[in-house]
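Right, one structure below, let's go through it.
Note that the structure is a prediction, hence the values are computed from the model and not measured.
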Amino acid sequence: MMVALQGASALLVLFLAAFLPPPQCAQDPAMVHYIYQRFRVLEQGLEKCTQATRAYIQEFQEFSKNISVMLGRCQTYTSEYKSAVGNLALRVERAQREIDYIQYLREADECIESEDKTLAETLLQEAEEEKKIRTLLNASCDNMLMSIKSLKIVKKMMDTHGSWMKDAVYNSPKVYLLIGSRNNTVWEFANIRAFMEDNTKPAPRKQILTLSWQGTGQVIYKGFLFFHNQATSNEIIKYNLQKRTVEDRMLLPGGVGRALVYQHSPSTYIDLAVDEHGLWAIHSGPGTHSHLVLTKIEPGTLGVEHSWDTPCRSQDAEASFLLCGVLYVVYRTGDQGPHRITCVYDPLGTISEEDLPNLFFPKRPRSHSMIHYNPRDKQLYAWNEGNQIIYKLQTKRKLPLK
């Protein structure tokens, strides 16, 4: 700082010297005195400036020292604050864990109560479902199949696929013939004799339906023909044979009709059946791994009363029928293999595999196109390679429900 002041004084002297009069005028005592006084004033000003600068420097040094001390204290306080904040965060975290644990205990208690309530509701629903099923299948029929006693070939035709039947409920001698697996013509014969002998009077009555059927799973129940509509995958038609009109229709739920119900029946996707308990549908369903699904249908309203996923496979199966609420599935192995019932499903669980004898059909060279049970005359109506067959059955009483 002093060096800067000295340099400024020298510059000032040079500046003033530039304005001094020539040497011949410098002898004026008054001018010399004036110049001297002006230099004295400048020196005094410079001295004051120097003193003020020194004082400023000293104050600045003290201020810097104080600032350093205060910064040190701030660092100490900051460390203490950080430690306090860290301790507070640990306490908050500990408190949060305790709150979470208490909440977990409360939720566990609520979950246990909810599970107990859900289990109780499930057991109640299962009991109600079992009660509903027993009420649904509480007809007086308590028979189970023991053997297929004999067969009678009633008629032979050229068509390998078709179905024939009587009304499963009405005490009518009429016989109905449906030829082929896709058709819309129903032949009505006055009785079994007229069906057996072509020249017997009266001649059969021909009825052209307004819709065509698919497969060979048709049944006649209380004067109505129930069949799978060919134009759809899962529509069931209720046809009034007397009025010759469609009485009602329904769609079976669950993706029905996308797969064949039996491996050896290449045209049947829905097989309808009738027994002592009423109208049924046998079909395959999604997610059942090619196992058969049994559905109970209310024939009056065409509503689904209940469905069961059965353990019976569609592979190697050729037909099935129901007798007293029990599903019997007929299987065949190989082209010339025997026809036997190897899977039986009872929704009530009253029939076990140990209760079943070896159920064989009299040997036939080909697969059955259809096998339907008629609860009125307790016989099976079947179609095998163009032969219309009646199988007589032997039954016994089922075990009582526990």
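- The environment of Lys378 atom NZ is dense: over 12 non-hydrogen atoms of other residues, nucleotides or ligands sit within 6.0 angstrom.
- For Phe360, the CZ atom sits in a packed shell: over 12 heavy atoms of surrounding residues, nucleotides or ligands are nearer than 6.0 Å.
- Both tests do not hold together for Lys238 against Phe226: distance to the six-membered ring centre under 6.0 Å, angle to the ring axis within 45°.
- Between Leu260 and Tyr269 the shortest side-chain heavy-atom distance falls below 4.5 Å.
- A 6.0 Å sphere centred on CZ of Arg193 holds no more than 12 heavy atoms belonging to other residues, nucleotides or ligands.
- Residues satisfying the ring-ring contact (aromatic ring centres under 6.0 Å, His included) test with Phe321, not counting sequence neighbours, are Tyr328.
- For the pair Arg332 and Glu318, the salt-bridge criterion is met [side-chain N within less than 4.0 Å of a carboxylate O].
- Using a 4.5 Å cut-off on side-chain heavy atoms (C-beta onward), Ile341 and Leu145 make contact.
- A ring-ring contact (aromatic ring centres under 6.0 Å, His included) check over residues 148-205, counting only residues at least two apart or in different chains, returns the pairs Trp164-Phe195, Trp164-Tyr381, Phe189-Phe195.
- Atom CZ in Arg340 sits 11.5 Å away from atom CG in Asp316 (nearest 0.5 Å).
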Under the criterion side-chain hydrogen bond (donor to acceptor under 3.5 Å, both in side chains), I'd like the reasoning laid out for Lys392 against Gln379: C-alpha separation, chi angles, the key distance, then a yes or no. CA-CA 5 Å; Lys392 294 186 179 297; Gln379 299 181 136; 2.8 Å; yes
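- Atom CD of Gln37 has more than 12 heavy atoms from other residues, nucleotides or ligands within 6.0 Å.
- Formation of a donor-acceptor pair under 3.5 Å by the Asn387 side chain with backbone atoms of Ile389 is not found in this model.
- In this structure, Arg313 contributes its side chain and Gln315 its backbone to a donor-acceptor pair below 3.5 Å.
- In plain terms, the two heavy atoms of Tyr345 and Leu294 that are nearest each other are CD2-CD2, 4.3 Å.
- You'll find the ring centres of Phe361 and Tyr391 inside the 6.0 Å limit.
- A pairwise comparison of heavy atoms in Ala382 and Ile371 identifies CB-CG1, 4.0 Å as the closest pair.
- Listed by first and then second residue, the side chain to side chain donor-acceptor pair (under 3.5 Å) pairs involving residues 211-221 are Ser163-Gln218, Arg182-Gln214, Thr216-Thr268 (not counting sequence neighbours).
- Summarising the geometry, atom CD belonging to Glu247 is positioned 10.5 Å from atom CD belonging to Gln242; distances are rounded to the nearest 0.5 Å.
- Annotation for Asp167 and Val169: closest pair OD1-N, 2.9 Å, computed over non-hydrogen atoms.
- Between the side chains of Thr78 and Gln75, no donor-acceptor pair of N or O atoms lies under 3.5 Å.
- Looking at Glu235 and His228, their side chains never come closer than 4.5 Å, going by heavy atoms from C-beta outward.
- Going from atom CG of Leu272 over to atom CE of Met165 covers 9.5 Å, rounded to the nearest 0.5 Å.
- Arg249 and Asn229 are not linked by any side-chain donor-acceptor pair at a separation below 3.5 angstrom, with hydrogens and angles left out of the test.
- For the pair Thr210/Thr245, no side-chain contact is recorded, criterion being any heavy-atom separation below 4.5 Å from C-beta on.
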Step-by-step side-chain contact (heavy atoms from CB on, under 4.5 Å) determination, Leu380 to Ile390: CA-CA 6 Å; Leu380 296 180; Ile390 291 178; over 6 Å; no
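- Under a 3.5 Å cut-off, the side chain of Thr76 and the backbone N or O of Gly72 do form a donor-acceptor pair.
- One distance of note links OG of Ser284 with CG of Asp271; it measures 11.5 Å at 0.5 Å rounding.
- The aromatic rings of Trp280 and His277 sit perpendicular, their planes meeting at an angle over 60°, well past the 30° parallel limit.
- Counting non-hydrogen atoms of neighbouring residues, nucleotides and ligands closer than 6.0 angstrom, the CZ atom of Arg244 exceeds 12 such neighbours.
- Counting only heavy atoms from C-beta outward, the side chains of Val69 and Ile67 never approach each other to under 4.5 Å.
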From CA spacing to verdict: side-chain hydrogen bond (donor to acceptor under 3.5 Å, both in side chains), Ser314, Gln263: CA-CA 6 Å; Ser314 63; Gln263 179 185 356; over 6 Å; no
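- A pairwise comparison of heavy atoms in Leu323 and Asp275 identifies C-OD2, 4.1 Å as the closest pair.
- The OH atom of Tyr262 lies 10.0 Å from the SG atom of Cys312; values are rounded to the nearest 0.5 Å.
- Using modelled atom types, one side-chain atom of Asn234 and one backbone atom of Leu252 make a donor-acceptor pair closer than 3.5 Å.
- Residue-environment remark: CG (Asn358) stays at or below the threshold of 12 foreign heavy atoms within 6.0 Å.
- The pair Arg94-Glu98 does not count as a salt bridge, with every side-chain nitrogen at least 4.0 angstrom from each carboxylate oxygen.
- Within a 6.0 Å radius of CZ in Arg40, no more than 12 heavy atoms belonging to other residues, nucleotides or ligands are found.
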side-chain hydrogen bond (donor to acceptor under 3.5 Å, both in side chains) between Asp100 and Gln96: does it pass, once the steps are laid out? CA-CA 6 Å; Asp100 293 341; Gln96 185 63 45; 3.0 Å; yes
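- Taking 4.5 Å as the limit, every side-chain heavy atom of Arg397 sits out of range of all side-chain heavy atoms of Met144.
- Counting heavy-atom neighbours within 6.0 Å of Lys222 NZ, excluding the residue itself, gives a total of 12 or less.
- Electrostatic pairing of Lys155 and Glu197 does not count as a salt bridge here, judged by no charged N lying under 4.0 Å from a carboxylate O.
- Val261 and His283 get closest at one heavy-atom pair: CG2-CA, 3.7 Å.
- For the pair Val344/Leu327, no side-chain contact is recorded, criterion being any heavy-atom separation below 4.5 Å from C-beta on.
- For the atom pair CD (Glu93) and CZ (Arg97), the distance works out to 5.0 Å, reported to the nearest 0.5 Å.
- The minimum heavy-atom distance between Glu298 and Thr301, with the atom names listed, is OE1-N, 2.7 Å.
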